[in-house]
Amino acid sequence: MQRSNPHTTCNNRQMRLLDFSPRPAHIKWLLDSDPSIRWQVMRDLTGEAPDAIAAERSRVATEGWGAQLLARQSPAGSWRGGQWDLVTLWSLVVLKDLGLDPASKQARKMIDRIDKRLVFKPLNNRPFLHGETEPCINGRILGIGTYFKEPNDALANQLLSEQLEDGGWNCEAPRSRRSSFHTTICVLEGLLEYERAGRKSAAVTKARKRAEGYLLERRMFRSLRTGKVINKRWLRFSFPMFWHYDVLRGLDYLRKAGIKPDGRIGESIETVLERRHQNGRWPLNLRHPEHIPLEMETSVGRASRWNTLRALRVLRWYSNSIR
């Protein structure tokens, strides 16, 4: 299979991207939604005043999806509905993605329950926020622990020590020495949160840059050796993502990390554009088998506010960089 040239692809689409902006109807549709969507639209797409954004964000704790998910935490600290540690982890990740203010009294009550009551019994009762053994899980725990409570230096150092020679991470290591996109994106997101909480260091920055290079050298979804698409599911977008990688998740990470786009993401940007329906909205392409005790949004094939918000802010980041 002949690989397309991302620079050429980007140039062919450059005017389309520069001219692209969501129609007022798209913004209205996004704002006619949950507070977790609204405050991020105000921050990322419409540029509202900080006080207005903060006021809307504060509603995540008391209204809509955020309040519903908080209410389903048990007094013991976990969320039920499957393997307790994973359902709890995914619920915390979603609360972070919703933008629950960690300083709110609801967030403080939630994280205190976890900090005081949840342990990994097979690991000598290691506290939940201290992590376990797999880097894909620990990357997530580093991120949520940093966001809701405090940075965990020991967990961050453990992750740094587990980085593979090709730049990423893999939960199958050391048996496998080849990195996994899934594990790598989970660790990258955790390290970025850790850095932004005041733990910036040469070692962490170097590790993140190496891992970002791992993704970019593979054009975000292609085999370095053959140039073929590694997994076609990565070209379809979902929310929540749980531990799963996809192109939109990868691009949204690069945006948050402040990476300047270059030709290596051209095909990924094309993929985002191609997933947009004629009505200017992005659908929910698939659902992953994992779950949390909360139903959000829509069914597969229907317009997704989460995917639309994430796609629009990625396109805005990209188009602003090439003006």
Side-chain angles (χ1 to χ4, degrees), residues 13 16-17 20-46 56-57 59-60 63-72 79 81-82 87 90-91 93-100 182 185 220-221 229 231-253 255 267-319:
R13 294 288 190 177
R16 177 180 175 183
L17 282 168
F20 179 80
S21 60
R23 295 193 293 268
H26 299 151
I27 296 296
K28 182 177 184 299
W29 175 69
L30 288 171
L31 291 173
D32 184 21
S33 181
D34 191 82
S36 60
I37 295 280
R38 286 197 295 268
W39 86 265
Q40 295 185 57
V41 170
M42 295 166 67
R43 179 192 64 184
D44 299 332
L45 299 179
T46 62
E56 189 60 43
R57 183 185 184 188
R59 298 171 65 182
V60 173
E63 300 177 24
W65 296 326
Q68 292 171 41
L69 191 52
L70 283 169
R72 289 166 192 172
W79 278 262
V87 176
W90 307 141
S91 297
V93 167
V94 168
L95 285 168
K96 178 178 177 296
D97 288 343
L98 297 181
L100 175 65
H182 301 296
I185 195 66
M220 307 301 287
F221 63 91
V229 176
N231 189 332
K232 291 184 178 179
R233 286 173 66 87
W234 297 356
L235 308 180
R236 303 170 67 196
F237 309 143
S238 184
F239 190 90
M241 293 82 71
F242 303 106
W243 55 269
H244 300 271
Y245 176 84
D246 65 50
V247 163
L248 184 56
R249 181 179 175 187
L251 290 171
D252 208 22
Y253 165 81
R255 178 194 65 84
E267 286 185 285
S268 297
I269 293 294
E270 280 293 301
T271 298
V272 173
L273 288 167
E274 289 165 0
R275 286 293 175 196
R276 184 177 59 190
H277 280 178
Q278 289 183 343
N279 62 8
R281 302 171 185 179
W282 277 259
L284 186 71
N285 296 135
L286 55 83
R287 286 186 184 274
H288 298 299
E290 297 79 14
H291 72 280
I292 57 172
L294 174 70
E295 284 294 325
M296 286 187 290
E297 283 215 285
T298 187
S299 57
V300 172
R302 302 287 298 275
S304 160
R305 286 184 172 88
W306 277 116
N307 282 351
T308 299
L309 165 63
R310 291 159 60 225
L312 287 174
R313 67 189 179 195
V314 160
L315 290 175
R316 185 177 188 179
W317 159 73
Y318 179 75
S319 62

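Treat the numbers as computed from the prediction; the structure is a model and nothing was measured.
Shown here is Arg233, whose CZ atom has no more than 12 heavy atoms of other residues, nucleotides or ligands within 6.0 Å. The environment of CZ in Arg287 is crowded: more than 12 heavy-atom neighbours from other residues, nucleotides or ligands sit within 6.0 Å.
Note that the CG atom of Leu95 and the CG atom of Leu100 stand 5.5 Å from one another [nearest 0.5 Å]. From Arg275, atom CZ reaches atom CG of Leu235 across 6.5 Å, with rounding to the nearest 0.5 Å. The distance from the CD1 atom of Ile27 to the CG atom of Asp32 is 12.5 Å, given to the nearest 0.5 Å.
For the pair Arg310/Trp282, no side-chain contact is recorded, criterion being any heavy-atom separation below 4.5 Å from C-beta on. A 4.5 Å side-chain heavy-atom check between Leu45 and Leu309 finds at least one atom pair inside the cut-off. No side-chain heavy atom of Ser268 sits less than 4.5 Å from a side-chain heavy atom of Tyr318. Taking 4.5 Å as the limit, every side-chain heavy atom of Asn231 sits out of range of all side-chain heavy atoms of Phe221. For the pair Phe237/Val247, a side-chain contact is recorded, criterion being any heavy-atom separation below 4.5 Å from C-beta on. You'll find the side chain of Pro240 stays beyond 4.5 Å of the side chain of Glu290, heavy atoms only. With a 4.5 Å cut-off on side-chain heavy atoms, Leu315 and Leu273 count as touching. In this structure, Leu69 and Trp79 have side chains that are in contact, with non-hydrogen atoms separated by less than 4.5 Å.
Closest approach of Arg38 and Leu31 over heavy atoms only: CD-O, 2.8 Å. When all heavy atoms of Gly280 and His26 are compared, the closest pair comes out as CA-NE2, 3.5 Å. The shortest heavy-atom contact between Val41 and Leu30 is CG2-CB, 3.8 Å. The minimum heavy-atom distance linking Pro293 with Ser91 is given by the pair CD-OG, 3.7 Å. Among all heavy-atom pairs drawn from Asp246 and Ser238, the shortest one is OD2-N, 3.9 Å.
Remark: the backbone N or O of Val87 is not paired with any side-chain donor or acceptor of His291 at under 3.5 angstrom. Between the Trp39 side chain and the Leu98 main chain, a donor and an acceptor come within less than 3.5 Å of each other. Without hydrogens or angle criteria, Thr271 side chain to Glu267 main chain gives a donor-acceptor distance under 3.5 Å.
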Working for side chain to side chain contact (heavy atoms under 4.5 Å, CB included), residues Glu56 and Arg43: CA-CA 10 Å; Glu56 189 60 43; Arg43 179 192 64 184; over 6 Å; no
Steps toward side chain to side chain contact (heavy atoms under 4.5 Å, CB included) verdict (Trp306, Gln40): CA-CA 10 Å; Trp306 277 116; Gln40 295 185 57; 3.6 Å; yes
Verdict with reasoning, Arg57 to Met42, per side chain to side chain contact (heavy atoms under 4.5 Å, CB included): CA-CA 10 Å; Arg57 183 185 184 188; Met42 295 166 67; over 6 Å; no
Worked verdict on Arg255 versus Asp44 for side chain to side chain contact (heavy atoms under 4.5 Å, CB included): CA-CA 11 Å; Arg255 178 194 65 84; Asp44 299 332; 4.2 Å; yes
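Side-chain contact of Glu297 with Trp65: a donor-acceptor pair under 3.5 Å is absent, judged by distance alone.
Under 4.0 Å is where a charged nitrogen must lie from a carboxylate oxygen, and between Arg249 and Asp252 no such pair does.
Ring orientation note: the planes of His288 and Phe242 are nearly perpendicular, at an angle over 60° on the 30°/60° scale.
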